[in-house]
Amino acid sequence: MEYNFRDLEKKWQQQWKAAGIYKVSADPAKPKCYVLDMFPYPSGAGLHVGHPLGYIASDIYSRYKRLKGFNVLHPMGYDAFGLPAEQYAIDHGIHPAVSTEANIANFRKQLDNIGFCFDWDRQVQTSDPSYYKWTQWIFLQLFGSWYDRAQRKAVPVSSLLEAFAQAGNEGRVCPGDPNLRFSAAEWTGFDERRQQEILMHYRLAYCGFGEVNWCEALGTVLANDEVVNGVSERGGYPVVKKKLRQWYLRITEYADRLLEGLDRIEFSEAMKEMQTNWIGKSHGAEIEFMVVSSELPVGSEKDADTDKVTADKTIGKFFDRKLRVYTTRPDTIFGVDFMVVAPELEWIPAIVSPEQQNAVDEYIAYVKSRSERERQAEKKISGCFTGAYAVNPFDGRKIPIWISEYVLAGYGTGAIMAVPCGDDRDFRFARHFNIPITNILGDAYNGEQANPTKDARLVNSGFLDGLIMRDAMAVVNRKLEEMGIGTPKVNYRMRDAAFSRQRYWGEPFPIVWRDGIAYPLDEKDLPLELPHVEKYGPGPEGEGPLANVKEWTDKHLETNTMPGYAGSSWYFLRYMDPHNEAAFCSREASDYWGQVDLYIGGTEHAVGHLLYSRMWTKALFDLGYIGHDEPYKKLVNQGMIQGSSRFVYRIELKGAQGSQGVEELSRRTPVFISHGIRAMEGTVEFHELVTLAVRNLFGDNSIEIDSIAISQLHVDVNIVDGLELNTAAFKKWRTEYERAEFVLEDGKYICGTEVEKMSKSKFNTVNPDDLVAKYGADTFRMYEMFLGPVEQSKPWDTKGVEGVHRFLRKLWRLFYDEAKGKIWTTDKPTDAEWKVIYRTVKKLDEDTERFSFNTGVSALMIGVNELHDLKCHKKAILEKLLIIMAPYAPHVCEELWHQTGNTGSILTASYPLVEEKYLVESAMNYPIAINGKTRTELNIALDATQQEVEEMILADETVKKWLDGKAPKRVVYVKNRMINVVL
RNA sequence: GCCCGGAUGGCGGAAUUGGUAGACGCGUCAGACUCAAAAUCUGGUUAUCGCAAGGUAGUGCAGGUUCGAUUCCUGUUCCGGGCACCA
């Protein structure tokens, strides 16, 4: 009986399906375990070998936990709304719902091939109205709530209405407009419009205005992804910033709780750091400066009594507009040499001097064409003086106000005070524009480099002179507050999340507009279904495609749709109760399943999905809909499987005088040169070699080549073996290469190679289906795990898959022999055999528990090898092996489980317990190092004392040789580890 | 530019807490079986010097801490991911 993986895998997949063995339901008698994958976006390209990496890991863990007696929830679904399907629709006229369905069917087929234990009855699909009904419903909860800073939680907006009517907004700072104050009487006096406007400034989901990438030529808003080098990816048209009405989520209100929550969840330190940096909490001060139109004469600037500047109308005028800056270093205020303001702030024109007008206009136009990324990544320093000055409130010094692209309007107040002696970027800016630098650091500043220290003693700093900078902060802050021109402030780098898209393929907002006021739809009107359209082009004025739908606009429905992350912000809850028509998830279900115990997915979601879903969870918790406020207990980040691209090199020839036909020839007959030959490009040998080869190819010795151009082309990795191109397959790959000729090295065509993102356009994708067909699902699963740690990124290489396949056959041969047939027995195992199996059980248990699947596979290989060496074919031993291996290779283990006379699925077996008595050792081979370098080994009892060890060591020949008659300085003896002799 | 990772033989990787660097697998070399091939089995395989015993170097690079560093610290190079409308 042989290992016929194709038949047995198919057989078990069918039987498992028929038996509904992966169906799971809440069972209070068992401990629960919720294992979740980041659900895929069903792209048209299908699944490539990178996708299943995380799925296999989670599948193994789920099966493992199930064997350990847990009730395991392990669902799967599709994140089905998104831009690619819409773009495909625009290009091909196929409705996104249609292409998405087809893609999902394909994904499902591919996933099923691999033998996952998903409970498909719980599948969710974000684009399904029965699902997005609840996305809309949650949106309405966010719209209907505000964040009460006093209680530190979200509460219904209705609570505001009562409070406002009684006490105005006293004690309820308006997050959207912090300076807003009104009394109860004022509130009741406001009309509906004003009241709604104010409420909007409180809501967790609110409407505001924001800048988008606007492409006039395409008449549409573009994603950052679709903008390359400042122009549209499609067509290369100019892209500018445009202000549009947008929806936002007030995630900034949750900033502190998102930070604190990190202490209670198991994310990697790197992930926590990324989220922490993204939230970017900083302590500092907001300071207000007077703005003046021209320089004040030296010596007249300060009023000695108040330390304030008084206006002198003859030499310049003060503007009404004050300059507010946010700084984390108020202690450096005497070192401020210039101010920098974000170029897009709308009040800039009001302060620009006539002389600077043109320069400023030009600069603003330039910045408008630049993306935020470009602005921050730019190494070249740019900026423009406005002609206006701020006035230092303490010494009256006039400070030039500049605009520069590196300051962003969205952060802090959109303006900074620049202290060149203490900040590197400010320093370089000052140097570049020849702005004089004030030294407030004394010796700590060398004039060559900024010094960002907080520990220097301040000089040139008026009333702060002599103070250590870190101590000076509180002093300045107190003074600023006294003078009423500054307040200590906690700032966050994180901005509110833009929550609307001018697109078709997303969830419609359950919002209707009346007289410019947004009203929520009634819950009973959900879902608000996406209308069917024939055309997917944008609407007028940068609106989404829904603005073209008459029935939609007639009802004054919101024409924006929700972004891709809306559906993924709560899907983990829907899995718990996927068919509930009365609620997004019953409290009973969410209380039972609770947090996701293990979440597996890529780091690319570090600051997007993983923050949004945490916020939604917190909001739902605050409102009492669920009982936990962090969605994920533990997160494991799978590495990205990159593609290993292969290249061929086509040459284009220019003939010398008398060989004009060569160009034509090389156009008609594509000639490819091997990688090693290309590497010689530019040398005389190269030219000669190619000439010779071309003469041979075309049978014409008179050919003279003038110049050779080489173009590098991606070639399908699947027709390359290692680096060697299968030239016959290459000719069949594309009709234009049918007549291709090759210039080989050592008789082979060697391809160039590069590690890149796996993508269809780079022809470096490897389809799991092909591997499963060739080696079986079990081999594929184990091979993906064996590649390396799940967390690590690596380029895909199919090369080692044979080894894993061989291992599975070797396992099979423990049970069946090709010639003899059945060889497994019911004999009683020896101690040595027990030792092997228990050691394997123990190691695999530890490895699986810590997600070290690659070493887990290795442990299984070692176990099987050792059992082979022992010629162990005993059922009692092998059965245990099958159980622990079943999570990794479920099909073959299930088959052998039944072959050895077991009834019932191996899935329901229970995990073997280790009998430690077989593993106890009394001695070990200690490595003996001399000065840290291992020189020999000695077998020493584990309970040996320091003295016994020293005696043994000193008697050893090798040690004696190294000691050379001298006594050792020291003998380091670490029990169970090693012994080091220090000379 | 900013934030976060990573770098170990020809290749993927192992070394879980600072304690034998290279487990396991691929590839490759030699051998066994075979008419032959496949499959399978046995042995070698970091480099270098040496017949060997054994020595020397060695975990991207340069330093440091330590009896001992792939592991900790400082600096640096290259590669990957993210940077707010791809998902």
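These numbers were taken from a predicted model, which means no experiment stands behind them. Letters A, B, ... mirror the listed sequences (proteins, then strands); counts begin at 1.
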- Task: Tell me what A:Asn980 touches on the nucleic acid: a base, only sugar-phosphate, or nothing, going by heavy atoms under 4.0 Å.
- Result: base
- Task: Can you check each nucleotide of nucleotides 28-60 of chain B against protein heavy atoms at under 4.0 Å and return B for base, S for sugar-phosphate only, - for none, in 5' to 3' order?
- Result: -----------SSS------------SSS----
- Item | Of the listed nucleotides B:rG81, B:rG5, B:rA87, the one nearest the side chain of A:Glu273 | B:rG5
- Based on the glycosidic angle (syn within 90° of 0, else anti), state the conformation of B:rG13. anti
- Message: By the 4.0 Å heavy-atom rule, please label A:Val212 as base, sugar-phosphate, or nothing.
- Response: base
- Message: Considering every strand and a 4.0 Å limit on heavy-atom distances, what is the contact class for A:Ser858: base, sugar-phosphate, or nothing?
- Response: base
- Within 6.0 angstrom of A:Lys243 NZ, more than 12 heavy atoms from elsewhere: no
- Message: At 4.0 Å (heavy atoms only), tell me whether A:Gln638 reaches a base, stays on the sugar-phosphate, or touches nothing.
- Response: nothing
- Task: Would you indicate what A:Val221 reaches in the nucleic acid, counting non-hydrogen atoms under 4.0 angstrom: base, sugar-phosphate, or nothing?
- Result: base
- Message: It should be established whether A:Asn854 places a side-chain nitrogen or oxygen under 4.0 Å from OP1 or OP2 of nucleotide B:rA14.
- Response: yes
- With respect to the side chain of A:Glu846, which nucleotide from B:rU16, B:rU20, B:rG82 is positioned closest? B:rU16
- Classify the nucleic acid contact of A:Pro789 as base, sugar-phosphate or nothing, counting any heavy atom under 4.0 Å across all strands shown. sugar-phosphate
- Query: How would you label the contact of A:Asn637 with the nucleic acid (heavy atoms, under 4.0 Å): base, sugar-phosphate, or nothing?
  - Reply: nothing
Could you go through nucleotides 75-80 of chain B and list every protein N or O atom that sits under 3.5 Å from one of its N or O atoms, giving the distance for each pair?
unit_1 : atom_1 : unit_2   : atom_2 : d
B:rG80 : O2'    : A:Gln642 : NE2    : 3.4

- Message: If I take atom OG1 from residue A:Thr252 and atom OH from residue A:Tyr492, how far apart are they, to the nearest 0.5 angstrom?
- Response: 9.0 Å
- Task: Describe the nucleic acid contact of A:Ala270 in one word from base, sugar-phosphate, nothing, applying a heavy-atom distance below 4.0 Å.
- Result: sugar-phosphate
